[in-house]
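Throughout, numbering of the chain's residues begins at 1 and tracks the sequence.
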Amino acid sequence: MLNGPAAMGEPWQPQSQQQRLPALGNASAPSARPSAAAEEGGGPAGTAAPGGGGPAAAVSPWDIALCATGTAVAGENALVLAVLFYTPSLRAPMFVLIGSLALADLLAGIGLIVNFALRYLLRPPSEAAELGAAGLLLAAFSASVCSLLAITVDRYLSLYNALTYHSERTLGFTCGAVLLMWLLCLGVGLLPPLGWHCLRDQSACSVLRPVTKDNAAVLAVTFLLLFALMMQLYLQICKIAFRHAQQIAVQHQFIATAQATSTRKGLSTLSLILGTFALCWIPFAIYSLVADSSYPAVYTYSLALPAACNSLINPIIYAFRNPDIQKSLWLACCGCGPALSSRPRTSSDV
């Protein structure tokens, strides 16, 4: 599935270029034109060799970089999930949302590793395995986007309905909403096996092989709309926070000042999450919308790698900066560190 480009420095050859264009995550999209081998009846472009009898493909440095990134992503987010699971005090609704984002990124990292294995270890990769790996990546990245949207909505509601937020947004309500979100994302992941693929029509492939050009455009537009919704909510959050800051400045109360500090921290963290997400993913989404499989492979790889790195940056921003998670990590690693705070947590602490 992850049929990366020829190794750097290798002379360009039309057939190998068509067989080694990158695509979904670590995947490769063949050219819109079938390779000469395919035209001769040897098999579709994008396969290693007709019937799997050809020589082994050289390992692409881009594929190595994506696989290494996936390994680091999986390890980082597994650590976050372990801390959340084994720390009883981290059971607030906001930590459920953090756990959902960490789980999505963990699956994305595993998907990158699986795609690398399919590309270089399974010769030739079966259609079912390739579609399954594509579905895993689609489900994981969809869940990551939806988890970020859920964190933004939670942050907005905690400010807009500050007086009733804790009574309305219970742990059970949050878990139910996250479960529904994951069911929707799993449905998105089932699209490739249900027909959203171009394995039997290579000319219809997008840069997100095996997703077709039309379906890739739908996914890219949906992503951009969701991000626009997140940005709109973020602007509303800023307006509410500034209004609260003005009220605090009038009251000059210690409790209000503490709440203002917590609010500023939440806004700073949310800005980092959304800003990093935009820089990493929007270029790749726009490229997926306008490009097709005939574009040079290096363009897709150079945009897919930053997108994958977003899942590597997320734990640093939303988890390892959290004081409670930091204390849990210290206690787990060396048995030291201050006791966990017992004060109620709000989404401002995210």
Can a donor-acceptor pair be found between the side chains of Ser158 and Arg155 at a distance below 3.5 Å?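 Their side chains do contain a donor-acceptor pair, which is all the 3.5 Å distance test asks for.
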Under a 3.5 Å threshold, yes or no: a donor from one side chain and an acceptor from the other, between Thr300 and Tyr287?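 Side-chain D/A pair, Thr300 to Tyr287: present.
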Smallest separation among heavy atoms of [X] and [Y], with atom names:
X: Leu112; Y: Leu66; answer: CD1-O, 3.8 Å
X: Phe95; Y: Leu90; answer: CZ-CD2, 3.6 Å
X: Ala133; Y: Leu118; answer: CB-CD1, 3.5 Å
X: Pro306; Y: Tyr301; answer: CD-O, 4.5 Å
X: Ala204; Y: Cys198; answer: C-CB, 4.0 Å
X: Leu131; Y: Pro210; answer: CD2-CG, 3.8 Å

Measure the shortest side-chain to side-chain distance between [X] and [Y] over non-hydrogen atoms and say whether it is less than 4.5 angstrom.
X: Leu138; Y: Leu208; answer: no
X: Cys280; Y: Thr276; answer: yes
X: Ile325; Y: Leu84; answer: yes
X: Met94; Y: Ile151; answer: no
X: Phe141; Y: Val145; answer: no
X: Leu233; Y: Val153; answer: yes
X: Phe320; Y: Leu329; answer: yes

Identify the residue among Ser311, Ser100, Ser147 that makes a side-chain hydrogen bond (donor to acceptor under 3.5 Å, both in side chains) with Asp105.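 Single pass found, and it is Ser311.
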Which distance, rounded to the nearest 0.5 Å, do you find between the [atom1] of [X] and the [atom2] of [Y]?
X: Cys175; Y: Leu171; atom1: SG; atom2: CG; value: 4.0 Å
X: Ser206; Y: Leu289; atom1: OG; atom2: CG; value: 11.0 Å
X: Lys213; Y: Cys205; atom1: NZ; atom2: SG; value: 9.0 Å
X: Asn77; Y: Leu101; atom1: CG; atom2: CG; value: 7.5 Å
X: Leu107; Y: Leu137; atom1: CG; atom2: CG; value: 9.5 Å
X: Ser60; Y: Tyr120; atom1: OG; atom2: OH; value: 5.0 Å

Tell me who clusters with Leu184, hydrophobic residues only, linked when side chains sit under 4.5 Å apart either directly or through other members.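 Members besides Leu184: none; it forms no cluster.
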Stepwise side chain to side chain donor-acceptor pair (under 3.5 Å) test for Ser203 and Asp201: CA-CA 6 Å; Ser203 63; Asp201 183 11; 2.7 Å; yes
Ring-plane angle category for Tyr160 and Tyr156, please: parallel below 30°, perpendicular beyond 60°, tilted otherwise.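 Plane angle under 30°, so parallel.
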side-chain contact (heavy atoms from CB on, under 4.5 Å) between Leu103 and Trp182, intermediate numbers included: CA-CA 10 Å; Leu103 178 59; Trp182 271 95; 3.8 Å; yes
Evaluate Ile113 against Thr71 for side-chain contact (heavy atoms from CB on, under 4.5 Å), listing each step before the verdict. CA-CA 7 Å; Ile113 298 171; Thr71 304; 3.7 Å; yes
Check whether [X] and [Y] end up in the same hydrophobic cluster, where Ile, Leu, Val, Met, Phe, Trp and Tyr are linked by side-chain heavy atoms less than 4.5 Å apart.
X: Tyr299; Y: Trp281; answer: yes
X: Ile316; Y: Leu148; answer: yes
X: Leu79; Y: Ile313; answer: yes
X: Leu180; Y: Phe173; answer: no
X: Leu81; Y: Val83; answer: yes

side-chain contact (heavy atoms from CB on, under 4.5 Å) between Asp292 and Val207, worked out: CA-CA 5 Å; Asp292 57 37; Val207 294; 5.7 Å; no
Run the side-chain contact (heavy atoms from CB on, under 4.5 Å) check on Ile286 and Ile282 step by step: do they pass? CA-CA 6 Å; Ile286 295 175; Ile282 286 184; 3.7 Å; yes
Which pairs count as ring-ring contact (aromatic ring centres under 6.0 Å, His included) when at least one residue sits in residues 192-232, sequence neighbours excluded?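 For residues 192-232: Phe223-Phe277.
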Is a side-chain N or O of Arg91 found less than 3.5 angstrom from the main chain of Phe85, in a donor-acceptor match?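 Pair found, side chain donor or acceptor close to backbone of Phe85.
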